[in-house]
2 protein chains.
Amino acid sequence: MHAPARETLAHPSRDEIELAAVLHALSDPVRLLMVRGLAGAIEARSCGSFDVPVTKSTCTHHFKVLREAGVIRQRQDGTKRVNLLREDDLEARFPGLLATILQAAGELPQPTART
Amino acid sequence: MHAPARETLAHPSRDEIELAAVLHALSDPVRLLMVRGLAGAIEARSCGSFDVPVTKSTCTHHFKVLREAGVIRQRQDGTKRVNLLREDDLEARFPGLLATILQAAGELPQPTART
DNA sequence: TCAAACGTACGATGATCGTCGTACAACGAA
DNA sequence: TTCGTTGTACGACGATCATCGTACGTTTGA
């Protein structure tokens, strides 16, 4: 077991994304926070750039849940692993779902704008 | 503890409905089935009228989860307990959410139509 | 009055979940 | 090369979950 796990980043294909899995993934407050952060970002964000009240291990766990549910895509980039929402795939599979949930989660997150 | 539980039907008020709880409630395939059945029905439906692959006790449990999440409202009617979706409350709290999820759950359920 | 139907309550069980700490691997910079 | 950064892997822990069987209460109907 010396192979770097970086090769093992399994993502479900678009058609394999299941509604129940997506809803379950988004039913955790921490993960909802992560997804909101991802939705507000233009660029893919590394795991460590999130302000969530859990340790690194737990963070890894949550990103794995989101990835395996098909909500996010993870890609290795040097020592960082960057995450981005699979907005297109989700929209194709479940139209309007992500946007509606994000809106229900308390409007869009305002990264640094406060007029 | 001889009081019939029929008095103890606690429902969250509209403003107490939480997104995470709703998503969690809907992240179970059996409950999703129940909600779809409820959405297709015009009248409130009794617990026993659902075609779900679980026993009665489990059914009771699932309806309780749905009720406590604020997804359905339960009312006693003779020996039956009837259920109906809290569409208005959900729409007011999380606009579009229920409809979007129901649509994602595989279009509208066709109770007895098969042209 | 008696029995059947409907659904609950309670307890149990095995599975999954969210959380953490520690140890380790990979990469980048000095 | 060496060190710090980033994030994972692997247990482990307690909590919650989905499921069931059995026993019981309530209402309806014969």
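Here is the naming used below: chain letters follow the sequence lines, and residue numbers restart at 1 for every chain.
Look at CG on B/N83: it is 13 Å from C1' on C/dT8, rounded to the nearest Å. Across the protein-nucleic acid pair, B/F63 atom CZ and C/dA9 atom P stand 14 Å apart, rounded to whole Å. Atoms CG (B/D28) and C1' (C/dC17) sit 14 Å apart, rounded to a whole Å. Distance A/H61 NE2 to D/dA15 P: 17 Å, rounded to the nearest Å. A/Q76 places its CD atom 8 Å from the P atom of C/dC27, with the value rounded to the nearest Å. Nucleotide D/dT8 holds its P atom 12 Å from the CG atom of A/L66, rounded to whole Å. As a whole-Å value, the separation of A/K64 NZ from C/dT19 P is 15 Å. Between the NZ atom of A/K80 and the C1' atom of C/dA29 there is a distance of 13 Å, given to the nearest Å.
At a threshold of 4.5 Å between side-chain heavy atoms, the hydrophobic network of Ile, Leu, Val, Met, Phe, Trp and Tyr places A/V52 and A/L26 in one connected group. When the side chains of ILVMFWY residues are joined at heavy-atom separations under 4.5 Å, either directly or via intervening members, B/V65 and B/L19 end up in two distinct hydrophobic clusters.
Using a 4.5 Å heavy-atom cutoff, the side chains of B/L33 and B/F50 are not in contact. For the pair A/E91/A/L98, no side-chain contact is recorded, criterion being any heavy-atom separation below 4.5 Å from C-beta on.
Contact between the side-chain N/O atoms of B/R81 and the OP1/OP2 oxygens of C/dT8 is found at a separation under 4.0 Å. Distances shown here put a side-chain N or O of B/R31 below 4.0 Å from the OP1 or OP2 atom of D/dA18. Of the side-chain N and O atoms in A/T79, none sit less than 4.0 angstrom from OP1 or OP2 of D/dG7. Regarding contacts with the backbone of C/dC20, every side-chain N or O of A/S57 stays at 4.0 angstrom or more from both OP1 and OP2. Within the 4.0 Å cut-off from OP1 or OP2 of D/dC20, at least one side-chain nitrogen or oxygen of B/T55 is found. Taking side-chain N and O atoms only, B/T60 has no distance below 4.0 Å to OP1 or OP2 of C/dG7.
Side-chain atoms of A/S57 and A/T60 form no donor-acceptor pair, as typed in the model, at a separation below 3.5 Å.
Residue A/H62 is classed as a sugar-phosphate contact, given heavy-atom separations below 4.0 Å to backbone atoms only. A/K56 comes within contact range of at least one nucleobase, with a heavy-atom separation under 4.0 Å.
In the set D/dT19, C/dG18, C/dT19, C/dG18 carries the atom at the smallest distance from any side-chain atom of A/H24.
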